[in-house]
Colleague: 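Pasting a structure below so you can have a look.
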Protein chains: 2
Amino acid sequence: MLSANSAERAQSYNEVVVAFDAAPICLQSLFSKQPLEQLDAGGTLFFEGDQAKHLFELVEGVLRVFKIMADGRRVITGFLYPGDLVGVSLRNHYLYSAEAVTPVRLRRFSRKVFEDTVGSSPELRPLLLARLCDEMAAAQDQMVLLSCKNAEERLCSFLLRQLQRKREQDRSCSIVDLPMTRLDIADYLGLTIETVSRTMTRLTNKGIVGPAGRHSIRILKARMLAHLAGEGDECDDRYSPVISLDDARRRH
Amino acid sequence: MLSANSAERAQSYNEVVVAFDAAPICLQSLFSKQPLEQLDAGGTLFFEGDQAKHLFELVEGVLRVFKIMADGRRVITGFLYPGDLVGVSLRNHYLYSAEAVTPVRLRRFSRKVFEDTVGSSPELRPLLLARLCDEMAAAQDQMVLLSCKNAEERLCSFLLRQLQRKREQDRSCSIVDLPMTRLDIADYLGLTIETVSRTMTRLTNKGIVGPAGRHSIRILKARMLAHLAGEGDECDDRYSPVISLDDARRRH
DNA sequence: CGTATACTTGATCGTTATCAAGGCCTGTGG
DNA sequence: CCACAGGCCTTGATAACGATCAAGTATACG
């Protein structure tokens, strides 16, 4: 999948098409003439290994993208949100399966035509590469998370990213929705459903988040959340002095 | 980083240049006129966050590519081998640091020129995308490994990949070299050095691998290794019936 | 040959998975 | 509107896997 990651990038993807509506200068504009398709919650968009005949632009709703291991365990490699492109696997077969978390609306586009069009457009090519780069960066962040963060750090990182996505649209809003189930979150963070639940409870008890229904959550102490996420930056402490390089190599 | 992953692809990258030596039809041929540079074992090629002014083609030796977390923990996101391209981050800054595991020889190329050249060449563009796709697939495999494989499965997966890389050059060879330290392997697999060591010992006791010096290992039961790696395929059992989907969702 | 580094092995502890039960929403049908 | 059923989620008890702490051993390099 290709998520429109950082806020700045996400904006620059779109703003150009306003100026030149005729020639497709942003990737989404390729899809704009395609009919809107729907998919119910839980529905499958495609399976890992399927012939990758189409790409999709997610217009509304949330998708989960995952792999099933030989023994049946599921690993969710990402969630996709409106504006993201799905299935840009650049291979003949999809690398993963994609399912709707919520009811979803999307536009379909032939992969072959997409590749030809983007390939022959000097404007679109760098946009595709930028998306691939964002996706790669996200994958590496996820590897870091899975490699050496504990349950609390994982969940805080996750909630923080949700908050950041939310704030791209609505600055100052502190309620983020979590349309996915606890099991989805667990399979995304490499934890069990019980650990996610327990950790969520602990964050609530600490007053860092507050309950706001089953599928949303109120972030009470964003700064604290960022700290617990264990990502040196996220809240601009990238300028703060590096603290105690001595206790490096602690736990995994 | 961009590793020449699957055997077939790796070959197709190279074979074309033999036919047409004049026009660069494979990505490496761009580098062929650049002078060979050297780097001692342990030397740094670039740091995460550095301006990405250059790309590199690794000609000889092994590199490790990694991120350092805020608290000093290190996550190795990959190892690079001869033929791989390094630093194709597609961003203005490198996403990771790169160090030499062994003494290394490589060729340097301006990132700007690389992007322009590849961008304007209909032959090279798909090669770059194919590499990016391979890298993405590798990153996802790593996420699966880190998400839900135990220590033994992780190490077996790692050894198996080393064996496969080796067999691309020398079919039938069963000794793979592990130029990296145990600490490197641990930081790559999300384990501690002690766990790597213990697991290695256990595999030796089981007769699956045999000792062959500190920096190489003999694979005695490749089939068994593939089975323990917990990857349904890897040894063509992708054609075997899916066994017991009931015990899905076991451990993480 | 001796020292430093890398690796192995052992004992113990902690985090998280697993097993098990209970509570809470949601939707459905009476 | 209420009762009930089935998910989904939470909470508790226990166990296992791997991290951590601590020696001890091999290997490389001067």
Side-chain angles (χ1 to χ4, degrees), chain A residues 40-42 64 69 71-75 101-103 145-156 178-205 209 211-217 228 230 246-252, chain B residues 40-42 64 71-75 101-103 145-156 177-205 209 211-217 228 230 246-252:
Chain A
D40 288 340
R64 61 180 162 248
M69 298 190 56
D71 60 6
R73 282 174 288 180
R74 183 183 68 161
V75 181
V101 170
T102 65
L145 180 145
L146 294 170
S147 265
C148 58
K149 287 190 180 178
N150 63 24
E152 190 170 87
E153 289 170 328
R154 292 181 196 201
L155 191 59
C156 288
L178 304 173
M180 62 292 288
T181 66
R182 296 287 189 261
L183 184 59
D184 287 333
I185 298 175
D187 285 349
Y188 180 56
L189 298 179
L191 301 169
T192 58
I193 186 174
E194 293 96 333
T195 300
V196 169
S197 184
R198 271 186 256 271
T199 308
M200 207 76 108
T201 305
R202 208 175 316 134
L203 291 180
T204 308
N205 291 339
V209 303
R214 182 172 283 183
H215 282 296
S216 56
I217 199 172
L228 290 177
D246 301 321
D247 51 24
R249 323 237 73 264
R250 282 185 311 154
R251 117 219 86 200
H252 253 120
Chain B
D40 289 340
R64 61 177 162 251
D71 60 6
R73 281 174 288 181
R74 182 181 68 160
V75 180
V101 171
T102 66
L145 180 146
L146 295 169
S147 265
C148 58
K149 287 190 181 177
N150 63 25
E152 190 171 86
E153 290 170 329
R154 290 182 197 202
L155 191 58
C156 289
D177 20 320
L178 303 174
M180 62 293 287
T181 67
R182 297 284 188 264
L183 184 57
D184 287 334
I185 298 175
D187 285 350
Y188 180 55
L189 298 180
L191 300 170
T192 58
I193 186 174
E194 295 95 333
T195 300
V196 169
S197 185
R198 269 186 257 271
T199 308
M200 207 75 109
T201 305
R202 208 174 318 134
L203 290 180
T204 308
N205 291 338
V209 303
R214 182 171 282 184
H215 282 297
S216 55
I217 199 171
L228 290 177
D246 300 323
D247 51 25
R249 322 237 75 262
R250 282 185 312 154
R251 114 217 89 200
H252 252 118

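Fair warning: this is a prediction, and the values are worked out from it, not measured in the lab.
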Colleague: Ignoring the backbone of T201(B), work out which of dA17(C), dT9(C), dG18(D) is nearest its side chain.
Modeller: dT9(C)
Colleague: Rounded to whole Å, how long is the line connecting atom CG of D184(A) with atom C1' of dC8(D)?
Modeller: 12 Å
Colleague: Measure CG/L178(B) against C1'/dT27(D) and give the value in whole Å, please.
Modeller: 16 Å
Colleague: Quick one: K149(A) NZ to dA19(D) P, roughly how many Å, whole number?
Modeller: 18 Å
Colleague: Measure from the side chain of S197(A), starting at C-beta and using heavy atoms only, and say which of dC7(C), dA17(C), dC9(D) lies closest.
Modeller: dC9(D)
Colleague: Any N/O pairs under 3.5 Å between the protein and nucleotides 12-15 of chain D? List them or say none.
Modeller:
unit_1  : atom_1 : unit_2  : atom_2 : d
dG12(D) : N7     : R198(A) : NH1    : 2.8
dG12(D) : O6     : R198(A) : NH2    : 3.3
dA13(D) : N6     : R198(A) : NH2    : 3.4

Colleague: Flag the pair H215(B) / T102(B) as yes when at least one side-chain heavy-atom distance between them is below 4.5 Å, and no otherwise.
Modeller: no
Colleague: Write down the distance between CZ (R202(B)) and P (dG10(C)), rounded to a whole number of angstrom.
Modeller: 12 Å
Colleague: Taking CE from M200(B) and P from dT9(C), how many angstroms apart are they, rounded to a whole number?
Modeller: 12 Å
Colleague: Supply the atom-to-atom distance L191(A) CG to L183(A) CG, rounded to the nearest 0.5 angstrom.
Modeller: 11.5 Å
Colleague: To the nearest angstrom, how far is N205(B) atom CG from dT9(C) atom C1'?
Modeller: 12 Å
Colleague: Quick check for you: to the nearest 0.5 Å, what is the distance between R73(A) atom CZ and K149(B) atom NZ?
Modeller: 8.5 Å
Colleague: Can you list the residues that meet the side-chain contact (heavy atoms from CB on, under 4.5 Å) rule with T201(A), with sequence neighbours excluded?
Modeller: N205(A)
Colleague: Could you report the tightest heavy-atom contact between V101(B) and A41(B), atom names first, then the distance?
Modeller: O-CB, 3.6 Å
Colleague: Kindly give the heavy-atom pair with the smallest separation between L146(A) and L189(A), and that separation in Å.
Modeller: CD2-O, 3.6 Å
Colleague: With rounding to the nearest 0.5 angstrom, report the CG to OG1 distance, L228(A) to T199(A).
Modeller: 11.5 Å
Colleague: Grab the NE2-P distance between H215(A) and dT10(D) for me, whole Å please.
Modeller: 10 Å
Colleague: Within less than 4.0 Å of OP1 or OP2 of dG18(D), is there a side-chain N or O belonging to T195(B)?
Modeller: no
Colleague: Just the table, please: protein N/O against nucleotides 2-5 of chain C N/O, every pair under 3.5 Å.
Modeller:
none

Colleague: I need the CG-P distance between L183(B) and dT8(C), as an integer number of Å.
Modeller: 12 Å
Colleague: Tell me which one of D187(B), D184(B), T181(B) satisfies side-chain hydrogen bond (donor to acceptor under 3.5 Å, both in side chains) with R64(B).
Modeller: D184(B)
Colleague: For residues T195(B) and R154(B), determine if any side-chain heavy atom of one lies less than 4.5 Å from a side-chain heavy atom of the other.
Modeller: no
